[in-house]
Amino acid sequence: MEIKFIIPNWETIPTKLHLECDGITVLYEKVSPGIWQYRIYSDLNLEKADEIAKEMTKRICDESYDHGAQYHLVSLELVEEPDSERYPYVYEAKLRWKDSY
């Protein structure tokens with residue numbers, strides 16, 4: 001899956017983080033320590049949305065390695081969102097910081 005960081009054309013100074021995952025725009029943010037939320041901007045099937053959320057979580061965990069400590073997935077859930085037409089799929093990834101020492 002191709003994932004790249006983007007700056008949306010409606011923002012001149014990025015205040016939110018956006019990715020493009022195989023051409024699909026995803027807003028993502030760390031909502032509290034160890035909890036990330038992904039908002040997928042496309043009306044696609046649930047299987048593809050799950051694939052994007054799982055790959056993003058895997059990469060966050062893989063890239064978090066720091067001197068023997070690393071994020072590990074606790075749960076990844078599709079959560080309800082009041083603005084479901086704008087964000088048909090909203091996921092919440094709960095991660096824990098695991099220290100190998």
Side-chain angles (χ1 to χ4, degrees):
M1 174 177 297
E2 181 183 355
I3 297 179
K4 63 181 181 176
F5 180 76
I6 61 169
I7 299 173
N9 59 8
W10 62 86
E11 289 188 12
T12 54
I13 299 174
T15 56
K16 296 184 178 175
L17 301 171
H18 289 80
L19 295 175
E20 194 171 89
C21 303
D22 287 345
I24 297 161
T25 303
V26 179
L27 168 74
Y28 68 105
E29 61 185 326
K30 186 176 184 179
V31 293
S32 65
I35 300 178
W36 289 81
Q37 199 168 73
Y38 319 133
R39 298 172 188 270
I40 300 174
Y41 278 97
S42 182
D43 189 18
L44 50 112
N45 65 43
L46 180 60
E47 185 177 303
K48 182 65 175 174
D50 280 346
E51 179 186 338
I52 289 170
K54 287 175 183 174
E55 183 63 24
M56 286 180 63
T57 303
K58 178 186 178 308
R59 291 192 190 190
I60 287 171
C61 290
D62 288 350
E63 294 175 10
S64 70
Y65 183 82
D66 182 29
H67 301 286
Q70 184 171 23
Y71 272 136
H72 290 268
L73 178 63
V74 173
S75 65
L76 177 63
E77 299 175 357
L78 182 62
V79 295
E80 294 297 320
E81 177 63 35
D83 193 4
S84 62
E85 286 187 25
R86 185 168 179 202
Y87 309 109
Y89 300 105
V90 178
Y91 288 83
E92 192 169 270
K94 293 181 182 170
L95 309 172
R96 69 180 170 85
W97 193 248
K98 183 178 178 188
D99 195 337
S100 65
Y101 295 112

Fill in the blank from the handout: The reported gap from SG in Cys21 to CE in Met1 (rounded to nearest 0.5 angstrom) is 6.5 Å
Problem - Residues clustering with Ile35 (ILVMFWY side chains joined when closer than 4.5 Å, directly or via others) - result: Val31
Practice task
Would you please name every residue forming a ring-ring contact (aromatic ring centres under 6.0 Å, His included) with Tyr28, sequence neighbours left out?
Solution key: none
Problem - Chi angles and distances behind the side chain to side chain contact (heavy atoms under 4.5 Å, CB included) call for Tyr41, Tyr89 - result: CA-CA 8 Å; Tyr41 278 97; Tyr89 300 105; over 6 Å; no
Handout entry: Stepwise side chain to side chain contact (heavy atoms under 4.5 Å, CB included) test for Val74 and Leu95
Key = CA-CA 5 Å; Val74 173; Leu95 309 172; 5.8 Å; no
Fill in the blank from the handout: For Lys54, the side chain to side chain donor-acceptor pair (under 3.5 Å) test, sequence neighbours excluded, returns none
Problem - Partners meeting side chain to side chain donor-acceptor pair (under 3.5 Å) with Arg59 (sequence neighbours left out) - result: Glu55
Fill in the blank from the handout: The side chain to side chain donor-acceptor pair (under 3.5 Å) partners of Lys48 (sequence neighbours excluded) come to Asp22
Exercise for the section: Answer with yes or no whether the side chains of Tyr38 and Thr57 bring together a donor and an acceptor at under 3.5 Å. Expected result: yes
Exercise for the section: Mind listing the closest non-hydrogen atom pair of Ile52 and Ile24 along with its distance? Expected result: CD1-CD1, 3.8 Å
Exercise for the section: Flag yes if more than 12 heavy atoms outside Lys30 fall under 6.0 Å of its NZ atom; otherwise flag no. Expected result: yes
Handout entry: Listed partners of Glu51 passing side chain to side chain donor-acceptor pair (under 3.5 Å), at least two apart
Key = none
Problem - Donor-acceptor contact present, side-chain Tyr91 to main-chain Ile40, <3.5 Å - result: no
Exercise for the section: Could you grab the distance from atom OG1 of Thr25 to atom NE2 of His18, nearest 0.5 Å is fine? Expected result: 7.0 Å
